[in-house]
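Working notes, beginning with the structure itself.
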Amino acid sequence: IPNKKNLAPALLDPDFDPGRTMSLPWQNNFTGIAWNQDEVPGGLQSVDDLWRTELEGKVVLIDELRDTVGLLMLNNMVDVASSQWGANEFRTAVDVIYGKNVANQILGFKDRLAYVSEFRSGRALAGIAYSSDITLLNVEAGYEKFKFYLPASGGLLWGDSFVVPLGSTHKTNAEKLMNFYYQPDVAAAVAASVRCVTPVVGAREVAGFKYPEIAADPLVFPDVETLERARSFRELTAIESQTFRAAFERAKTV
């Protein structure tokens with residue numbers, strides 16, 4: 001895959017695959033807070049603002065612990081990328097979710113398609129969201145109806161990856177496909193379509209000529225300031241994964 005040379009250096013050494021010997025990033029996204037600007041004048045500044053009285057029952061959270069609990073941990077000044085936190089820090093954030101769920105502040109915990117639908121319908125006025133989803137909702141609306149924001153306490157940066165299953169009989173074809181998408185002009189076209197953070201160096205320069213409005217979007221081509229406010233949730237041990245998922249499920253089903 002010769003075009004691997006175009007991989008953004010910041011994405012080269014994730015803790016699950018140092019040196020990217022077994023995977024390549026496909027598309028990346030930010031997790032932050034979002035709201036309906038028509039219905040929430042003045043907007044939100046922090047995760048704590050999701051618990052305002054006027055938003056009772058109109059806050060949607062993503063049904064994924066790394067996103068929802070991770071954002072609350074960041075709000076508690078916990079560096080989720082670090083190995084220097086454990087069950088206590090996680091439990092503190094989950095307890096907040098449990099309390100707000102009991103208090104009927106939360107409309108629901110939704111997967112990606114469902115939470116977007118709740119924003120679109122107007123049932124959800126605010127919540128935790130992915131940057132590309134909010135951008136595409138605005139494209140659909142024809143104006144900036146929704147606002148996505150990385151709080152000062154931080155947001156999350158995550159991504160989907162290309163991998164080839166062990167024993168694949170079409171490994172060469174998979175490698176050709178990855179190589180194709182790592183061409184800067186192709187990556188720029190994909191970014192213009194899906195509005196995700198591209199992992200390909202050189203795509204921004206192409207977008208500057210072909211898709212100038214996309215090239216200027218810090219949620220697609222993030223600047224240093226935006227990246228400094230985003231963290232990647234560290235890998236969990238097998239025991240942590242089992243324990244934390246159980247705690248998250250209990251907080252959701254009160």
Side-chain angles (χ1 to χ4, degrees), residues 29-64 66-80 92-110 112-158 195-197 213-214 216-231 251-252:
N29 244 301
F30 291 109
T31 304
I33 57 176
W35 62 92
N36 183 323
Q37 297 200 103
D38 293 342
E39 302 292 338
V40 187
L44 310 180
Q45 293 297 314
S46 71
V47 172
D48 291 331
D49 287 340
L50 295 173
W51 319 135
R52 290 182 349 200
T53 304
E54 63 269 26
L55 294 177
E56 181 178 342
K58 300 176 181 178
V59 176
V60 65
L61 302 183
I62 296 174
D63 190 11
E64 165 54 52
R66 286 174 174 81
D67 294 304
T68 290
V69 183
L71 207 63
L72 268 73
M73 290 175 66
L74 286 167
N75 191 56
N76 292 337
M77 307 306 292
V78 176
D79 181 358
V80 297
T92 298
V94 169
D95 285 347
V96 173
I97 295 171
Y98 175 83
K100 299 305 178 183
N101 202 15
V102 169
N104 296 317
Q105 186 74 18
I106 299 169
L107 171 65
F109 299 82
K110 308 288 184 176
R112 193 166 188 176
L113 289 176
Y115 93 76
V116 169
S117 179
E118 298 288 14
F119 271 114
R120 182 184 290 116
S121 70
R123 279 169 45 84
L125 298 185
I128 292 175
Y130 299 140
S131 53
S132 65
D133 292 336
I134 298 304
T135 300
L136 290 173
L137 276 174
N138 286 332
V139 171
E140 179 184 303
Y143 68 104
E144 197 172 352
K145 181 177 181 178
F146 302 96
K147 178 69 175 179
F148 177 88
Y149 181 68
L150 287 178
S153 58
L156 294 159
L157 177 64
W158 59 274
R195 308 299 175 98
C196 292
V197 180
E213 74 285 0
I214 305 300
D217 187 345
L219 297 178
V220 179
F221 295 102
D223 52 24
V224 173
E225 180 183 358
T226 302
L227 288 173
E228 285 178 346
R229 295 169 77 171
R231 307 295 290 165
K252 289 160 45 184

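For this chain, numbers begin at 1 and follow the sequence in order.
Looking at every heavy atom in both residues, W51 comes nearest to V47 through NE1-O, 3.9 Å. When all heavy atoms of L137 and F119 are compared, the pair lying nearest together is CD1-CB, 3.9 Å. The shortest heavy-atom contact between I33 and L71 is CG2-CD2, 4.0 Å. Minimum interatomic distance between C196 and V220 (heavy atoms only, all atoms of both residues): O-CG1, 3.4 Å. A pairwise comparison of heavy atoms in G70 and V80 identifies O-CG1, 3.8 Å as the closest pair. In terms of heavy atoms, E144 sits closest to Q37 at O-NE2, 2.8 Å.
In this structure, OG on S153 lies 12.5 Å from CE on M73, to the nearest 0.5 angstrom. In this structure, L107 CG and E56 CD are separated by 11.5 Å, a value rounded to the nearest 0.5 Å. The CG atom of D49 lies 9.0 Å from the CD atom of E54; values are rounded to the nearest 0.5 Å. Taking CG of N101 as the reference point, atom CD1 of I106 lies at 4.5 Å (rounded to 0.5 Å). We find the CD1-OG1 distance between I97 and T92 to be 11.5 Å, quoted to the nearest 0.5 Å. Between the NZ atom in K110 and the CD1 atom in I62 there is a gap of 13.0 Å [rounded to 0.5 Å].
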Pairs under 3.5 angstrom only: tabulate donor-acceptor contacts from the side chains of residues 126-136 to other protein residues two or more places apart or in another chain.
{"from": "Y130", "atom 1": "OH", "to": "D67", "atom 2": "OD2", "distance (Å)": "2.5"}
{"from": "S131", "atom 1": "OG", "to": "N29", "atom 2": "OD1", "distance (Å)": "2.9"}
{"from": "S131", "atom 1": "OG", "to": "F30", "atom 2": "N", "distance (Å)": "3.1"}
{"from": "S132", "atom 1": "OG", "to": "N29", "atom 2": "OD1", "distance (Å)": "3.2"}
{"from": "S132", "atom 1": "OG", "to": "N29", "atom 2": "ND2", "distance (Å)": "3.0"}
{"from": "S132", "atom 1": "OG", "to": "R112", "atom 2": "NH2", "distance (Å)": "3.1"}
{"from": "D133", "atom 1": "OD1", "to": "R112", "atom 2": "NE", "distance (Å)": "3.2"}
{"from": "D133", "atom 1": "OD1", "to": "R112", "atom 2": "NH2", "distance (Å)": "3.3"}
{"from": "D133", "atom 1": "OD2", "to": "R112", "atom 2": "NE", "distance (Å)": "3.0"}
{"from": "D133", "atom 1": "OD2", "to": "Y115", "atom 2": "OH", "distance (Å)": "2.6"}
{"from": "T135", "atom 1": "OG1", "to": "S131", "atom 2": "O", "distance (Å)": "3.1"}

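Proximity of L219 to R195: side-chain heavy atoms (C-beta onward) are nowhere separated by under 4.5 Å. In this structure the side chain of R120 reaches within 4.5 angstrom of the side chain of E140, judged on heavy atoms. In this structure the side chain of L50 never reaches within 4.5 angstrom of the side chain of W35, judged on heavy atoms.
Shown here is K147, whose NZ atom has no more than 12 heavy atoms of other residues, nucleotides or ligands within 6.0 Å. Atom CZ of R52 has more than 12 neighbouring heavy atoms from other residues, nucleotides or ligands inside a 6.0 Å radius. Atom CD of E225 has 12 or fewer heavy atoms from other residues, nucleotides or ligands within 6.0 Å.
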- Is there a side-chain contact (heavy atoms from CB on, under 4.5 Å) between N75 and V96 once you walk through the steps? CA-CA 11 Å; N75 191 56; V96 173; over 6 Å; no
Please assess R66 against L156 for the test side-chain contact (heavy atoms from CB on, under 4.5 Å), listing each intermediate value before the final yes or no.
CA-CA 9 Å; R66 286 174 174 81; L156 294 159; 5.6 Å; no
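Taking D217 as the reference, nothing meets the salt bridge (charged side-chain N to carboxylate O under 4.0 Å, His left out) condition, with sequence neighbours excluded.
Distance alone, capped at 3.5 Å, places no donor-acceptor pair between the Q105 side chain and the V59 backbone. With N138 contributing its side chain and F146 its backbone, the two residues share a donor-acceptor pair below 3.5 Å. In this structure, D223 contributes its side chain and P218 its backbone to no donor-acceptor pair below 3.5 Å.
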